[in-house]
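Please see the structure below; I have some questions.
Numbered from 1 within each chain, the chains take letters A, B, ... in sequence-line order.
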Amino acid sequence: MSTAEGTRKETMARHRFTAQAIEHGKARSVEGLAPWWADFRRSAQQRLVSLDVPGPKDEEWRFIKLGPIVDAEYVMDSQAAVEIDEAVIEKRRIPEARGATLVFSNGRFQPELSNTQSLPEGVRLTTWSQVAAEGGADELEEYVGIADYWEDDVFYNANGANFDDGAVLVVPRNQVVETPIHLLYVGSGEAGEYAAHPRNVIVAGESSECTVIEEYATFDGGTYFHNVVDEVSVGANATVRHVKVQRDSTNARHMARNLVTLSQDSVYEATAVNLGAELSRNDSYARFDGTNVECTLDGLVYIDGRQVHDTHTAMDHALPDSKSYQLQKTIVDDRAHSVFNGKIFVRQDAQRIDSNQLNQNLLLSRRAQVDTKPQLEIFADDVVCSHGATVGQLQDDQLFYLLSRGMEEENARSLLTYAFAAEILEDIQVDSLRQRLESMLMRQARK
Amino acid sequence: MLLEVKDLHVSAGETPILKGVNLEVKAGEVHAIMGPNGSGKSTFAKVLAGHPAYEVTSGTISYDGEDLVELEPDERSREGVFLAFQYPVEIPGVSNSQFMRQAYNERRKAQGKEELDPLQFDDLIREKVKLVDMDPEFLNRSVNVDFSGGEKKRNEILQMAVLEPKLAILDETDSGLDIDALRVVSNGINTLAGDDNAVVMVTHYQRILDYVQPDYVHIMTDGKIVRSGDKQLAIDLEEQGYEKLAAQQGVA
């Protein structure tokens, strides 16, 4: 009998995955934990006891098989510390964010590689491990667990039952943070197959502005599991730009919930770029808690080999006078498989909504697979909504045009593939990041 | 002989479109191929560039002594064949200058010449842009995206000016142009045309021949060149119309 199976019986959990998550959570230090935080952890553990892992019969999960994530035996991240030095990090640093970078290795904060000196006074950029050590948890309570409608999600609870590290950003009202903030998570398989549960909490005060780059990378192609929860609270009249770059090891697994709450007159612009991981899932949910909100959830997925990725998003217009935009592009090569489900809800009283959603998929191989479901549910009458999905190959007329100008077919194909993807990057305002992603896509397109 | 087309038959799927085209073009010559809609003249232009929608079922195309039909579209281009598209294709995400530099360098590579880096190419393209009277801002935009009809055609001529082809085939480049754009396009063609290369203009209208002097005019109807002559033929055509001229098949 495996350890996990033993734990499953002991905790009466319904699955070894939840049993492990409970066991790991209970093994974590409670030192420095504010009472609300300890309660939060305990409640998540309790909920995990009665939850089962989702299977093919669950509508939201039916296209992917979670085996690689839920059947694995994990080492706790706290026991899988791997020393990394500047040489590993250097080329991944973003010059614009040099004085505003938090580095995590195998889910654990690395203070000696991090630097927050470029941030204006009053901006709080710290980590949960530092909060536990130094205090100051109480002002964060109201921003954690605000997405209580996620409480029946196994992975959300596995994170809640465990999180003791991850980034905390609080931007006070009226503060414009010019320096982009870089959260860099580096994963390695060196110390065994670990499970880490980073929680990134981003709070933008009234009329504030900030840009967050959340990145997952590897230097050794190891096997590990990142189970991320982001909670983003965008205050009234505030602007948050959020770029996520997931290029975890292609042997790793990545699960992410990005839960966004938008107050009136706020702007949230997110771009999620998913390139890595053997199996990854990226869920972004935006709840419009005020009027005159503008929300963009763009995404790019570019996968090959046997990679599997699933993006689920929802934008919930509960109140009138808001805008939502979504351009989700996917490129699948070899035997890769990508899933997209994008929900847009316009509630009955949410009049004068403007919503645009487009999902474009490019299949580069016959064995590649795409499942897409744009889902628009409108209960109001005075709205302008458009949505659509396309699945196709490179366009013959574009290809012929390039060939007729002397480009070799292989180069023409990679240029068109690159161009398809690069459109998503156009809105990224951090130049070095955009250029880095562009050359990354160019290299991948030439592969 | 730069281009020698003999008894060319071409089909699109099961449908025969060209039914025995013969044409000889020498370096230094400008040819105009005129004809009504559906005569096959645009198909002929595209076949010369190697468009995959068409199949050569019989006949031959010899270009500079080579069997053109055997060459892939990109090889044809690198050998100096250029087609200005009737409907230039939009390519979002690829900048016009990047596109032209890549095309230019592919051609240079094939000629065994050194490739130009972005700065060197920028000098070259800025000179060429003047020729077509185009705002250099268009170089930074995605290829043909949000270009007007006239701008697209100028962009085709710009590409021609950059690639300096031996055989330029212009597929109704003059259609839908206002007089200013027509002058610009004509000027581009006249600048290119020299002793070492040839121009084949496929056109529906006689107007461009006021600006570009053809050495030969051919009339195509129903997949064949039915009459050939000098510029006078275009003038006759203007007066009498295709039907009448076509009826005099073989007289010229």
_Atom of B/G93, atom of A/Y418 and distance for their closest heavy-atom approach_ = O-CE2, 4.5 Å
*In terms of heavy-atom proximity below 4.5 Å to chain A, should B/L163 be classed as side chain, backbone, both, or neither?*
side chain
*Report the C-alpha distance between B/Q102 and A/L415 in whole Å, list the side-chain angles of each, state the deciding distance to 0.1 Å, and finish with yes or no for side chain to side chain contact (heavy atoms under 4.5 Å, CB included).*
CA-CA 10 Å; B/Q102 207 162 333; A/L415 183 62; 3.9 Å; yes
_Heavy-atom pairs under 4.5 Å with chain A, option from B/L83, B/N105, B/V143 with the top count_ = B/L83
*Below 4.5 Å, heavy atoms only, C-beta onward: do B/P88 and A/Y401 meet side chain to side chain?*
yes
*List the steps, then state whether side chain to side chain contact (heavy atoms under 4.5 Å, CB included) holds for A/E408 with B/R78.*
CA-CA 10 Å; A/E408 285 176 28; B/R78 294 195 295 271; 3.4 Å; yes
_A/Q393 CD: over 12 foreign heavy atoms closer than 6.0 Å_ = no
_Tell me whether the count of non-hydrogen atoms from other residues, nucleotides or ligands lying under 6.0 Å of CG in B/D196 goes above 12._
no
*Determine whether more than 12 heavy atoms belonging to other residues, nucleotides or ligands lie under 6.0 Å from atom NZ of B/K6.*
no
*So which part of A/Q398 gets closer than 4.5 Å to some heavy atom of chain B, the side chain, the backbone, both or neither?*
both
*asked:* So which residue, B/E106, B/Q98, B/E90, ends up with the most heavy-atom pairs under 4.5 Å with chain A?
replied: B/E106
_Where A/L403 and B/S77 come nearest, the two heavy atoms and their spacing_ = O-CB, 4.0 Å
_Test item: B/E72 and A/E409 side chains (from C-beta on) under 4.5 Å apart, heavy atoms_ = no
*Can you establish whether the number of heavy atoms outside B/N140 located under 6.0 Å from its atom CG is more than 12?*
yes
_Given heavy-atom pairs under 4.5 angstrom as the criterion, report whether the side chain, backbone, both or neither of B/E75 touches chain A._
neither
*Beyond-backbone contact of B/V89 with A/L402, side-chain heavy atoms, under 4.5 angstrom*: no
*Please tell me if the side chains of B/D74 and A/M407 come closer than 4.5 Å, counting only heavy atoms from C-beta onward.*
no
*Heavy atoms from other residues, nucleotides or ligands near CG of B/D146 exceed 12 (cutoff 6.0 Å)*: no
*Please lay out, stage by stage, how A/R405 and B/F82 fare under the test side chain to side chain contact (heavy atoms under 4.5 Å, CB included).*
CA-CA 7 Å; A/R405 297 303 181 246; B/F82 178 88; 3.4 Å; yes
_Nearest 0.5 angstrom please: B/I169 CD1 to A/S404 OG, how far?_
10.0 Å
_Quiz question: by atom type and distance under 3.5 Å, do the side chains of A/D397 and B/Y87 form a donor-acceptor pair?_
no
*With a 4.5 angstrom heavy-atom cut-off, could you sort out which part of B/V162 is near chain A: side chain, backbone, both or neither?*
neither
*For A/R98, does the CZ atom have more than 12 heavy-atom neighbours from other residues, nucleotides or ligands under 6.0 Å away?*
yes
*Where on A/L399 is there a heavy atom nearer than 4.5 Å to chain B: the side chain, the backbone, both, or neither?*
neither
